[in-house]
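Remarks on the structure that follows.
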Amino acid sequence: MPYKFNSDAHLLDQIRSDVRTMTSYVVPDANGFIKLDAMENPYDLPSELKAQLGKHLSDIALNRYPVPTYSTLQSELKKSAQIPDGFQTILGNGSDELIHLLSMAFSRGGENAVILAPAPAFVMYRVSALLNHVRYVEVDLLERDGEFVLDVAGMILAIEEHQPKLVYLPFPNNPTGCEFSRESMLAVIEAARRYHSFVVIDEAYQPFAENTWMDELPVFDNLLLMRTVSKLGLAGVRLGYMVGRADVILEIEKIRPPYNINVLTEAAVIFMLQNDSVFEEQAKKICDTRALLFNSLREFKQLTVFRSHANFILVRFPDAQAVFDGLKLHGILVKNMSYAHPLLKNCLRLTVGSVDENNKLLNALMVID
Ligand SMILES: *Cc1c(COP(=O)(O)O)cnc(C)c1O
């Protein structure tokens, strides 16, 4: 018999009221489904490499705390990501944690701090801003000729009006897959500079993109650049990193939980960075199959297929909910973005899977359509 207590109705009221009204981040049960909902790499590691990794991990002292400077991991990242000299890196338990640290670092009492971002963009920017009592201001993207572009004038006006502490520019953007033009990014970065605002360029999809802003870090003193190993094939490992000026990173380091990266993650990522050609080949394959999937989707009449520089494709259907439900009946799980933002009405986000998975997706769409 479990212990029975008299439940005090006021206890839960001690929890923040805004938290009480929130809903948890829902991840649907994907058991048995072809999983094209979360931008995961569909490819496994070669079995030889897996065996080596297993051996490598078995040598880790699990009874010891990590060394909180993570210097080996930092220097491997510096090499592999070609981080410019003089710039520092802070590590997060996924980019998600870095986004939380940023909100925390830029929050002020009384909700007078603002974080600005285009919309639709990555949901965690908003969630973490609100949880840290930062006001979150959005400027809608513009849809032009089947592409989403930054509303540069709108972003600049919002920067002038709200003087944000921080502006997010996801490059490429999730969930649209677009890469904002260089000129539009420059205009926002320059406007932000005039108001002493930082700009965080979130390059979560860099492995599948043509361009990067890493080389521009020394050019603009207000830039920070964030990346993750998740979309490349290590989503389960949880490691994100942010690169920036040493003095800025030093400040954010003060609020990083000292042991936020566990020793297994640390060791696995070091090992993977030393074998990164495997991931490079997989990313290349994903880009090639993205082109095939894109062309096949474009052949369906009535669909708007948005060009993508990431490992997913956003598609607008006449009736996205019906297609989403139909795909589910075919054992395929995608992400229905319809309710996330008015611009995404009737849009599904399709992760680029393996060639076989993409063919199953296309076959199912042909039957449903
Ligand atoms: C997936 C994603 C992230 C988060 O990545 P994690 O490192 O897995 O937390 C950050 N930004 C964008 C734009 C993403 O799509």
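From a predicted model like this one, the values you see are computed outputs, not experimental measurements. Start at 1 and go down the list; that is how both ligands and their atoms are numbered.
- Within ligand 1, the atoms closer than 4.0 Å to a non-hydrogen atom of D96 are 4 (C), 9 (O), numbered from 1 in the order shown.
- A salt bridge links E253 with R256: at least one charged nitrogen is closer than 4.0 Å to a carboxylate oxygen.
- We find that R144 and E147 are not joined by a salt bridge, their nearest charged nitrogen and carboxylate oxygen being 4.0 Å or further apart.
- Within ligand 1, counting atoms from 1 as listed, the ones closer than 4.0 Å to a heavy atom of N174 are 13 (C), 14 (C), 15 (O).
- Here the CZ-CG distance, from F279 to N41, works out to 7.5 Å after rounding to the nearest 0.5 Å.
- Ligand 1 lies less than 4.0 angstrom from a heavy atom belonging to G94.
- Contact analysis puts R238 in contact with ligand 1, with a non-hydrogen atom separation below 4.0 angstrom.
- Between S103 and I115, the closest side-chain pair of non-hydrogen atoms falls below 4.5 Å.
- L239 is listed as a side-chain neighbour of L73, based on a closest heavy-atom distance under 4.5 Å.
- The distance from atom OH of Y205 to atom CZ of F312, rounded to the nearest 0.5 Å, is 5.0 Å.
- Taking the six-membered ring where tryptophan is involved, the planes of Y168 and Y125 are essentially parallel, since the angle between them stays under 30° and well short of 60°.
- Counting only heavy atoms of the protein, atom 15 (O) of ligand 1 lies nearest to Y205 OH, 2.6 Å.
- Near D202, the atoms of ligand 1 lying under 4.0 angstrom from a non-hydrogen atom of the residue are 10 (C), 11 (N), 12 (C), 13 (C).
- The closest approach between a heavy atom of K231 and any atom of ligand 1 is below 4.0 Å.
- With ligand atoms numbered from 1 in the order given, ligand 1 contributes 6 (P), 7 (O), 8 (O) to contacts under 4.0 Å with heavy atoms of S230.
- Neither the backbone nor the side chain of P170 has a heavy atom within less than 4.0 Å of ligand 1.
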